[in-house]
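Working notes, structure below.
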Amino acid sequence: MALLITALSINVRQLASYLAFSDYAQLVEEISEGRFMPSDLDRISSFLAYYETENISCRSEEIRVFAILALYRADLLAAQKGVSPFDYSPDLGLQLARAQAMRAIQGLLRCSPMDGDMWLRLALVGRTMGLEQSLLDTYLAWSRTTAPHEGGVQRRREDLSRSERSGP
């Protein structure tokens, strides 16, 4: 009987964890469809704090959600401060959020190195943090290698190249 109760309590905790996570996975879907709401900062802060300290390992769905939400948080903070999500800012809070996003993307790429979209996002975040152009070029080369013809990724790479040629 005690074993049954223990098993049920573990399953209830796993179910609660799954339901909470699925809410964030749904949010990522909405973000990919254009959602951009400053009130989401409060909604995602505890999730990001938890996963920043949690060893996600290579559970791809969880690490992808964490990376996208970390990027989203950085973009929301940039908008809140009146900074383009593509431009460098010396604001410490924004730099910390962008650093968290960069670590999240790097973690995802350790698990899924063939994700051309994430290589592009790494280049974009690196640009906002003032990384050297040679490193950004390497990230973009990996993006081109791993996602040479994905429409959305290819278009965003071209947009980035055009903006680099025209200057900040």
Side-chain angles (χ1 to χ4, degrees), residues 13-37 40-41 43-79 84-88 94-164:
R13 280 190 298 236
Q14 287 176 334
L15 178 62
S17 176
Y18 170 78
L19 291 175
F21 179 79
S22 66
D23 181 48
Y24 293 109
Q26 177 60 40
L27 178 59
V28 165
E29 283 297 314
E30 293 172 18
I31 292 166
S32 72
E33 295 168 0
R35 179 186 179 105
F36 196 81
M37 298 183 66
D40 286 339
L41 276 171
R43 181 178 178 188
I44 63 177
S45 62
S46 61
F47 176 86
L48 292 174
Y50 174 76
Y51 276 95
E52 178 79 331
T53 60
E54 180 71 14
N55 181 7
I56 300 175
S57 69
C58 277
R59 295 183 301 244
S60 63
E61 182 63 21
E62 290 181 17
I63 200 166
R64 176 168 282 286
V65 167
F66 175 66
I68 297 293
L69 291 180
L71 284 164
Y72 183 52
R73 178 176 181 260
D75 288 350
L76 288 171
L77 287 172
S84 165
F86 305 108
D87 292 338
Y88 172 81
L94 184 52
Q95 285 296 313
L96 290 172
R98 287 173 169 173
Q100 181 186 42
M102 181 167 266
R103 285 190 306 275
I105 296 168
Q106 289 167 334
L108 188 149
L109 286 169
R110 277 190 291 280
C111 300
S112 301
M114 301 303 287
D115 190 328
D117 176 48
M118 283 297 152
W119 283 110
L120 173 60
R121 290 174 190 244
L122 188 61
L124 289 167
V125 172
R127 180 180 184 206
T128 67
M129 295 182 67
L131 296 184
E132 290 185 25
Q133 188 61 46
S134 62
L135 188 54
L136 301 179
D137 290 342
T138 300
Y139 297 156
L140 288 171
W142 275 106
S143 177
R144 277 190 292 281
T145 299
T146 56
H149 304 294
E150 288 181 31
V153 176
Q154 187 176 14
R155 182 181 32 74
R156 291 190 341 255
R157 269 196 312 263
E158 291 167 0
D159 290 347
L160 177 61
S161 294
R162 271 193 297 279
S163 71
E164 287 174 345

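This one's a predicted model, so the numbers in the text were calculated from it and none came from an experiment.
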Can you tell me how far [atom2] of [Y] sits from [atom1] of [X], rounded to the nearest 0.5 angstrom?
X	Y	atom1	atom2	value
L109	I105	CG	CD1	7.5 Å
T138	L131	OG1	CG	11.0 Å
I63	R110	CD1	CZ	7.0 Å
L135	L122	CG	CG	7.5 Å
D87	T128	CG	OG1	9.0 Å
L77	Q95	CG	CD	11.5 Å

If you compare all heavy atoms of [X] against all heavy atoms of [Y], which two are closest, and at what distance to 0.1 Å?
X	Y	result
R127	L136	N-CD2, 3.5 Å
D137	R144	O-NH2, 4.4 Å
Q106	Y139	NE2-OH, 4.3 Å
F36	D75	CZ-O, 3.6 Å
A97	R73	CB-NH1, 3.4 Å
L94	A78	CD1-N, 3.7 Å

Pair M118-I68, side chain to side chain contact (heavy atoms under 4.5 Å, CB included): steps then yes or no: CA-CA 9 Å; M118 283 297 152; I68 297 293; 3.4 Å; yes

Parallel, tilted or perpendicular: rings of W119 and W142 (30°, 60°): parallel

Worked verdict on F66 versus Q100 for side chain to side chain contact (heavy atoms under 4.5 Å, CB included): CA-CA 10 Å; F66 175 66; Q100 181 186 42; 4.1 Å; yes

Any F47 side-chain heavy atom under 4.5 Å of V65 side chain: yes

Side-chain (R157) to main-chain (S143) donor-acceptor, under 3.5 angstrom: yes

Heavy-atom donor-acceptor pair, Y24 side chain to R43 backbone, under 3.5 Å: yes

Test log, rule side chain to side chain contact (heavy atoms under 4.5 Å, CB included), inputs V153 and T146: CA-CA 10 Å; V153 176; T146 56; over 6 Å; no

